[in-house]
Amino acid sequence: MSISPFAHTVTILDFETTGLSPNQGDRAIEIGAVKLENGHIVDRFQRLMTPGFRVSSFIESYTGITNNMLREADDCAVVMNEFADFIQGSNLVAHNASFDKKFLDAELEAIGRSYDGEFACTLLNSRRISQQATSHKLGDLVRYHQIDNDGVFHRALADAEMTAKLWLIQLDILNYEYGIALPRFSLLQRIGKTPKASVAKMLSEVS
DNA sequence: TGCCAGGCCCTCTTTAGGGCCTT
């Protein structure tokens, strides 16, 4: 059963992983998430998890998450079971959501859990409603929108916090530039799936 | 043996190729 389009709870999540593809054996090593209710952060989730094998030196360098840190972490199954509880009843947002969705799907399938929310993507939305931005990487959009940050990148909770702020900015853009206040979650999904050239027309019709 | 992600978008497109974005 899907979440109501009127649901006000949105969870913004970010995975750090051993690589790019669960189909190639890659696993999650960290999950970070913030839960928003009516635009305000009401809860946070951040856990390291051990994938069952050593991560590469590239991933250690890229994320700052070392094999020593993961040695003390719980198994993916334990952490993802807790995270499945955390996201129940909430729609989901991520930057380049197709990436995080495939890891969420893979890790939850491995423990026989599922979720009832639907995904929206701040990357696809940015390419449509911030077309003047020259790059839509999360870090570049943080600078472009002058989003407050503590200088930490490529850690799950820090990236989830910045993605949450980007999501709220996108809501502001819809409000101030298109006159759409309190858009349904489904509208944010539609923006990401609407052809780039047609977005302005679609939004003018909605407003 | 050799290769090795995948979804989305744009264009010099659609019988395709390449860039962007995520780790």
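In what follows, every chain begins at residue 1, and chains take the letters A, B, ... in the order their sequences are listed.
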Residue closer to the 5' end of DNA chain B, A:Lys196 versus A:Asp14 (nearest nucleotide): A:Lys196
Expected output: side-chain A:Asp116 to main-chain A:Gly89 donor-acceptor under 3.5 Å: yes
Six-ring centre of A:Phe45, A:Lys35 cation under 6.0 angstrom, axis tolerance 45°: no
Reckon A:Thr18 touches a base, only the sugar-phosphate, or nothing at all at heavy-atom distances under 4.0 Å? nothing
Between A:Asp140 and A:Ser98, the residue closer to the 5' end of DNA chain B by nearest nucleotide is A:Ser98
Looking for any heavy atom pair under 4.0 Å, which part of the strands does A:Leu123 touch: base, sugar-phosphate only, or nothing? sugar-phosphate
With sugar-phosphate meaning primed atoms plus P, OP1 and OP2, does A:Ile29 contact a base, only sugar-phosphate, or nothing at under 4.0 Å between heavy atoms? nothing
Give the rounded distance in Å between these two atoms: CZ of A:Phe119 and P of B:dT22. 15 Å
Base, sugar-phosphate or nothing for A:Asp100? Non-hydrogen atoms, less than 4.0 Å. nothing
Taking side chain to side chain contact (heavy atoms under 4.5 Å, CB included) as the criterion, tell me which of A:Leu174, A:Val206, A:Leu124 meets it with A:Ile191. A:Leu174
Using a strict heavy-atom distance below 4.0 Å, which residues from residues 54-63 of chain A are in contact with DNA chain B? A:Phe58, A:Ile59, A:Tyr62, A:Thr63
How would you label the contact of A:Gln24 with the nucleic acid (heavy atoms, under 4.0 Å): base, sugar-phosphate, or nothing? base
Excluding sequence neighbours, so at least two apart, what forms ring pair (Phe, Tyr, Trp, His ring centres under 6.0 Å) with A:His154? A:Tyr62
Test of understanding: with salt bridge (charged side-chain N to carboxylate O under 4.0 Å, His left out), list the residues that count as partners of A:Asp172, not counting sequence neighbours. none
